[in-house]
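The structure appears below as structure tokens.
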Amino acid sequence: MTTITPVRARFAPSPTGHVHLGSARTALYDYLIAKQTGGQFILRIEDTDRKRLVEGAEEELINSLHWLGIDWDEGPGKDGPYGPYRQSERKEIYQKYARELIEKDAAYYCFCTPERLSQVRQEMQKNKLPPHYDGFCRHLSKAEAEARVKAGEPHVIRFKSPKEGTTVVKDLLRGEITFENATLDDFILVKSDGWALYHLAAIVDDHLMKITHVIRGSEWLPTSPLHHLIWNALGWQEPEWVHLSVFLKPSGKGKMSKREAADLSNDGYSIFIKDLEDLGYLPEAVINWVALMGWSYDDHTEFFTLNDLVEKFSLDRLNPSPAAINFSKLDYFNKEHIKALGNEDLAARIQPFFIKAGYHADLGDLIKITPVIKERITTLDDSVEMCAFLFKDAISHDKEALIIKDKTREETLRFGSDSLEILESVSVWEPAVLEAKFTAYMEAQGLTPRELLSFLREAISGQRVTPPLFECMQVLGKERTIQRLKEALTLI
RNA sequence: GCCCCCAUCGUCUAGUGGCCCAGGACACGGCCCUCUCAAGGCCAAAACAGCGGUUCGAAUCCGCUUGGGGGCACCA
């Protein structure tokens, strides 16, 4: 590592939908590199396309970032020296620089109608050429163009891409990438409604906001030469470019489509941060998981907290190849991070899931069960299914399961009433005491734990799967445990 | 069609010319432990896409092929 200079990194989403894994990872890396160098992480809303805005998307975006624990130093709700941080509030700024580009002859007015443009595109495709603009307005005289603009003729502003030579883009993890200028298009910089497009707006903002590193998806690679050219045309020093690889669907074949995203939810998974939260994943786990998709620390360390990552992340250990999303690995990380949680913390996190399921579980009770469930649940939501019986007023039984395997109804009844007596005789209601009593009883009767305890489990919980039996009895309390066993015995 | 990117076990990856007949993790299978479910322990199976170079030596460097991915909007 050379001398560390503070990095100013920005996460610049457009509020057009849910925050997904890809953007979460980009935001994370931005945040990490900024924090690690003592720099700033900036959140900028790219909302210049007024038609695509989605109601509530910005709010969800902010919530998701907060949930993940990624906080910004400058951005909406947190003013800084380079605001405003919403592009919709910066329209005039972009127009100023668009004019500058025209004056420098690096851009030109174009009066072609959308109809003509699509016609040109079709023509190009028919001739097996890249579907680019044909340059119809590129050579209009400045005087004529200005006159038509003044006359109020609808127009856009296009960048004047060089036609010869090559443009080299330097990417931090891919090295130098060379593009033939002949393959470049004359991109639109400002639309006919006066709003700047990403290509102009992002560059102007990155410059004005003194961004030093731009981390973005590799889908931007094809337009990166244009961006390089615009930076140059404006006479500015461009930032470091980092083009991250895309995420592939779990099969590894192709990008996640709308349809596949929907199919995922049938399996209890999702690529959207909001859903992951609802599903019972920990932000710690999502962060850990997503950080490792495209980055690694060494050949064996996998468990990282956000703070670990701030300390250990580095751009030079990024991996340029696309990564397939692996949800079973997320499950694994979720288990690991749940196990790492303190009992009070875990209890507070599972409580909303109980409440959502209609159980009035109070924190005190939940804290009692967290030690025994923390290594048995994959998601926070799993705790509800596993422990619901503790919070129900009445439970129902599967009568079949109430007969001890390979024993008769009469035998079961006898073991059941003996158990009842044992329970009633216990004065110190603790797992160790209960276990000692029952172990002695089972030995005397020649019963295996599997036989008796499975029966008791069904009797007091109505479930086949629960946390360890004696712990369950403890949380249930002596009275309710006895009550439930009595009820069960009447059903045999 | 054109441009660009990528290429190690099923998946995420380690590996920057000899330490590699390739290491870790998840998932999968088996065994042990075990009151259910987990957790834990042990074991197994599993990869350098192909072909040419360069080199004393290549997973590592170069080229080609193949495969995969991304882009080609008055979206970002």
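Protein chains get the first letters and strands the later ones, always in sequence-line order, with residue 1 at the start of each.
P467(A) comes within 4.0 angstrom of a nucleotide base, judged by non-hydrogen atoms across all strands. No contact: L452(A) has no heavy atom under 4.0 Å from any strand. Counting any heavy atom pair closer than 4.0 Å across all strands shown, S14(A) reaches sugar-phosphate atoms only and no base atom. Residue contacts shown for R50(A) are absent, as no nucleic acid heavy atom lies under 4.0 Å away. Across all strands shown, T178(A) has heavy atoms under 4.0 Å from sugar-phosphate atoms exclusively, and none from any base. Contacts of L292(A) with the nucleic acid, taken as non-hydrogen atoms under 4.0 Å apart, involve only primed sugar atoms and P, OP1 or OP2. In this structure, C387(A) reaches neither bases nor backbone, as no heavy-atom distance under 4.0 Å exists between it and the strands shown. In this structure, R457(A) reaches the bases: a heavy-atom distance under 4.0 Å links it to at least one base atom across the strands shown.
Checked against A76(B), C74(B), A38(B), the side chain of R158(A) finds its nearest nucleotide in C74(B). Nearest nucleotide to the P468(A) side chain, out of U13(B), C35(B), C74(B): C35(B). Closest to the side chain of E46(A), from the set A76(B), C4(B), C37(B), is A76(B).
When atom types are taken as modelled, the side chain of E153(A) and the backbone of F111(A) share no donor-acceptor pair closer than 3.5 angstrom.
Ionic pairing of R44(A) and E46(A) is present here: one or more N-O contacts between side-chain nitrogen and carboxylate oxygen are shorter than 4.0 angstrom.
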Listing time: all N or O pairs from protein to nucleotides 26-34 of chain B that are below 3.5 Å?
unit_1: C26(B); atom_1: O2'; unit_2: S328(A); atom_2: O; d: 3.4

What N/O pairs connect the protein and nucleotides 61-70 of chain B at under 3.5 Å? Give each pair on its own line.
unit_1: G69(B); atom_1: OP1; unit_2: G254(A); atom_2: N; d: 3.3
unit_1: G70(B); atom_1: OP1; unit_2: K255(A); atom_2: N; d: 3.4

Taking only nitrogen or oxygen atoms into account, show me every contact under 3.5 Å that the protein makes with nucleotides 40-44 of chain B, one pair per line with its distance.
unit_1: G40(B); atom_1: OP1; unit_2: K339(A); atom_2: NZ; d: 3.4

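Base pairing analysis places C26(B) opposite G10(B); the two distances defining the Watson-Crick or G-U wobble pair are each below 3.5 Å. Under the Watson-Crick or G-U wobble criterion, with both distances below 3.5 Å, A58(B) is left unpaired in every strand shown. Base-pair partner of C35(B): not found among the strands shown (Watson-Crick or G-U wobble, both distances under 3.5 Å). Pairing for G1(B) is with C72(B), a Watson-Crick or G-U wobble pair whose two hydrogen-bonding atom distances lie under 3.5 Å. Across all strands shown, C51(B) is found opposite G63(B) as a Watson-Crick or G-U wobble partner, with both distances under 3.5 Å.
W295(A) and F313(A) have tilted rings, their planes meeting at an angle from 30° to 60° on a 0 to 90° scale. Under the 30°/60° scheme for interplanar angles, the aromatic rings of W241(A) and W231(A) are found to stand perpendicular. Using a 30° and 60° split on the angle between ring planes, F272(A) and H20(A) fall in the perpendicular class, above 60°. Using bins of under 30°, 30° to 60° and over 60° for the plane-to-plane angle, the ring pair Y198(A)/W220(A) lands in the parallel bin.
Comparing A73(B) with A14(B), their C1' atoms sit 41 Å apart, to the nearest whole Å. On the C1' atoms, C28(B) is 12 Å away from U11(B), given to the nearest whole Å. Taking the C1' atoms as reference points, C21(B) lies 15 Å from U8(B), given to the whole Å. With both ends at atom C1', the span from A76(B) to C62(B) equals 37 Å, rounded to whole Å. Of the P atoms belonging to G23(B) and U16(B), the separation is 14 Å, rounded to the nearest Å. Spacing between C5(B) and C64(B) at atom P, rounded to whole Å, works out to 12 Å.
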With side-chain hydrogen bond (donor to acceptor under 3.5 Å, both in side chains) as the test, would you mind laying out the steps for T301(A) and D298(A) before giving the verdict?
CA-CA 6 Å; T301(A) 314; D298(A) 58 20; 2.7 Å; yes

Is there a salt bridge (charged side-chain N to carboxylate O under 4.0 Å, His left out) between D134(A) and R116(A)? Walk through the geometry before answering.
CA-CA 10 Å; D134(A) 64 353; R116(A) 191 184 104 78; 2.7 Å; yes

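Residues that satisfy the side-chain contact (heavy atoms from CB on, under 4.5 Å) test with T412(A), not counting sequence neighbours, are I403(A), I404(A), K407(A), F455(A), I492(A).
Counting only heavy atoms from C-beta outward, the side chains of L244(A) and V242(A) approach each other to under 4.5 Å.
Straight-line distance from the CZ atom of R44(A) to the P atom of A76(B): 12 Å, rounded to whole Å. As a whole-Å value, the separation of L318(A) CG from G15(B) P is 12 Å. For the pair L221(A) CG and C2(B) P, the interatomic distance rounds to 19 Å; values are reported in whole Å. Across the protein-nucleic acid pair, L226(A) atom CG and C3(B) atom P stand 18 Å apart, rounded to whole Å. One can place OH of Y297(A) at 18 Å from P of A25(B), the figure rounded to the nearest angstrom. Between L61(A) atom CG and A76(B) atom P there is a gap of 16 Å when expressed in whole angstrom units. One interatomic measurement links the two molecules: NE2 of H227(A) to P of C72(B), which rounds to 11 Å at whole-angstrom precision.
The shortest heavy-atom contact between I188(A) and H199(A) is O-CD2, 4.1 Å. Considering all non-hydrogen atoms of both residues, S419(A) and L452(A) come closest at OG-CD2, 3.9 Å. When every heavy atom of H397(A) is checked against every heavy atom of I395(A), the shortest pair comes out as NE2-CD1, 3.6 Å.
Residues of residues 181-193 of chain A having a heavy atom closer than 4.0 Å to RNA chain B, listed by number: T183(A), I188(A), K191(A), S192(A). The stretch residues 122-136 of chain A touches RNA chain B through K128(A), P130(A), P131(A), H132(A), each having a heavy atom within less than 4.0 Å of the strand.
Closest-nucleotide positions on RNA chain B for Y198(A) and E176(A) were compared, and the one nearer the 5' end corresponds to E176(A). Each of R121(A) and T48(A) was matched to the nucleotide of RNA chain B holding its nearest heavy atom; the match closer to the 5' end belongs to R121(A).
Aromatic rings of F303(A) and H337(A) (six-membered ring for Trp) have centroids within the 6.0 Å cut-off, being under it. Between H132(A) and F187(A), the distance separating the two ring centers is not shorter than 6.0 angstrom. Aromatic pair W289(A)/F327(A): centroids less than 6.0 angstrom apart. Between W429(A) and F470(A), the gap from one ring centroid to the other reaches at least 6.0 Å.
Interatomic distance, T26(A) OG1 to R10(A) CZ, rounded to the nearest 0.5 Å: 9.5 Å.
For CZ of R414(A), the number of neighbouring non-hydrogen atoms (other residues, nucleotides, ligands) closer than 6.0 Å is greater than 12.
The phosphate of G71(B) has neither OP1 nor OP2 within less than 4.0 Å of any side-chain N or O from R216(A).
A cation-pi arrangement is not found for R148(A) relative to Y109(A), the charged atom failing to lie both closer than 6.0 Å to the ring centre and inside a 45° cone about the ring normal.
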